[in-house]
Asker: 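So that we are looking at the same thing, I have put the structure below in structure tokens.
Just so we're on the same page: letters track the sequence lines, and every chain starts at 1.
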There are 2 protein chains.
Amino acid sequence: MSCERRFQAELHRRGLRVTPQREIILSTLHCFHSPFTAEEVFRKVTESSPGIKLSTVYRTLELLKSINLVSVVDVGNRRNHYMHVEAESPHFHLVCRRCEAVLSLSSEEILEVQSKLCAKSGFEIEINRISLPGLCENCRRFEE
Amino acid sequence: MSCERRFQAELHRRGLRVTPQREIILSTLHCFHSPFTAEEVFRKVTESSPGIKLSTVYRTLELLKSINLVSVVDVGNRRNHYMHVEAESPHFHLVCRRCEAVLSLSSEEILEVQSKLCAKSGFEIEINRISLPGLCENCRRFEE
DNA sequence: TTGCGTGCAAACGTTTTGCAGTATT
DNA sequence: AATACTGCAAAACGTTTGCACGCAA
């Protein structure tokens with residue numbers, strides 16, 4: 001099921017409303033291929049629909065989060081980052097502390113880590129929300 | 001070398017000053033055994049030295065960060081979290097999305113992940129800054 | 001017709017900043 | 001004596017909220 005239909009179905013189920021703003025915001029998320037901020041969504045949305053306000057973007061992202069169509073990734077600067085959850089294999093992000101580049105990565109090893117951590121501590125990590133801080137290949141040269 | 005001496009040495013090296021505020025703030029960090037906020041440091045510092053202001057705490061944490069005596073850990077709520085970097089084996093944190101508990105963990109496996117990731121992508125993760133989001137054993141029962 | 005959603009603007013909590021006086025070197 | 005640092009207060013920043021009107025159901 002496309003995420004547009006999932007969204008509509010869930011809105012109906014909860015007695016909420018399908019509004020143009022919500023549909024536009026959701027469709028905009030397809031533009032992004034790494035974690036994005038509310039502000040970035042707002043700017044993108046504004047290009048085609050100047051009427052939609054930032055607060056509506058925030059409210060819609062929150063709603064999408066509760067439907068699991070969006071997840072939150074913390075990449076470490078002050079802004080919240082979100083990502084569009086599609087039916088992909090779980091992936092996580094590497095965020096360079098120096099240049100702020102974001103690498104998206106899907107890896108078998110993280111699944112191994114997940115199950116070992118869970119066996120050891122009962123804690124179940126959520127792979128899609130992981131961001132690992134560090135230095136990318138380029139930036140490593142500039143740090144002593 | 002104790003971190004107090006490292007701090008002093010680095011201040012001298014940079015032509016900066018050793019002030020009572022800076023020394024008090026650094027010594028306070030020993031109280032914390034999991035990531036802490038600027039506000040928490042401020043409250044602790046205030047108990048013994050009511051004159052020191054929050055903005056000074058922020059500035060000092062920033063300074064300590066640049067000397068690598070403090071690192072930033074993102075545990076996902078809006079506040080920044082810092083931790084005191086001592087000469088311990090590298091450890092990272094598990095942060096429960098539901099109850100916000102923080103588990104500190106030192107694990108061999110993460111070193112393995114680190115070297116594999118680096119070999120594969122050139123990206124070097126910084127273990128001490130990692131926080132992995134997820135659900136702790138308790139809270140897993142409450143999510144469907 | 002009901003009541004959810006939106007735009008608007010103001011509030012919020014955290015962090016940063018400009019400035020003038022104070023303290024360290 | 002020079003200038004880095006602090007306290008102070010205000011600004012900045014991202015995000016949230018209250019309210020009145022508008023729109024989907």
Asker: For a quick check, with a 4.0 angstrom heavy-atom cut-off, what is the B/S/- contact string for nucleotides 17-25 of chain D, read 5' to 3'?
Answerer: BB-----BS
Asker: Quick one: do B/E62 and B/R59 make a salt bridge, cutoff under 4.0 Å?
Answerer: no
Asker: Is B/T56 near enough to D/dT6 that one of its side-chain N or O atoms lies under 4.0 angstrom from OP1 or OP2?
Answerer: no
Asker: Would you tell me if any nitrogen or oxygen in the side chain of B/Q21 comes within less than 4.0 Å of OP1 or OP2 on C/dA23?
Answerer: no
Asker: So how far is it from A/S71 OG to A/L61 CG, rounded to the nearest 0.5 Å?
Answerer: 11.0 Å
Asker: What integer distance in Å separates B/Y58:OH from D/dA10:P?
Answerer: 18 Å
Asker: With distance as the sole criterion, is a donor-acceptor pair present between the side chains of A/T37 and A/H81 under 3.5 Å?
Answerer: no
Asker: Between B/G51 and B/G15, which residue's closest nucleotide on DNA chain D lies nearer the 5′ terminus?
Answerer: B/G15
Asker: Quick one: B/L64 CG to D/dC5 P, roughly how many Å, whole number?
Answerer: 12 Å
Asker: Run the side chain to side chain contact (heavy atoms under 4.5 Å, CB included) check on B/V41 and B/T60 step by step: do they pass?
Answerer: CA-CA 11 Å; B/V41 174; B/T60 303; over 6 Å; no
Asker: Would you mind reading off the distance between B/I24 atom CD1 and C/dA23 atom P, rounded to a whole angstrom?
Answerer: 14 Å
Asker: Rounded off to whole Å, could you give me the CZ-to-C1' distance for the B/R22 and C/dA23 pair?
Answerer: 12 Å
Asker: Do B/R14 and B/S66 have side-chain N/O donor and acceptor atoms under 3.5 Å apart?
Answerer: yes
Asker: Over how many whole Å does the gap from B/I52 atom CD1 to D/dT6 atom C1' extend?
Answerer: 10 Å
Asker: For C/dT6, does OP1 or OP2 lie under 4.0 Å from any side-chain N or O of A/K53?
Answerer: no
Asker: Once you round it to whole Å, what is the distance between P of C/dC12 and CZ of B/R78?
Answerer: 13 Å
Asker: Are the charged groups of B/R43 and B/E39 less than 4.0 angstrom apart, N to O?
Answerer: yes
Asker: Do B/E23 and B/Q8 get their side chains close enough for a donor-acceptor pair, meaning under 3.5 Å?
Answerer: yes
Asker: D/dT16 P sits how many Å from A/E62 CD, rounded?
Answerer: 6 Å
Asker: What is the distance from CZ of B/R43 to C1' of C/dG13, rounded to the nearest Å?
Answerer: 14 Å
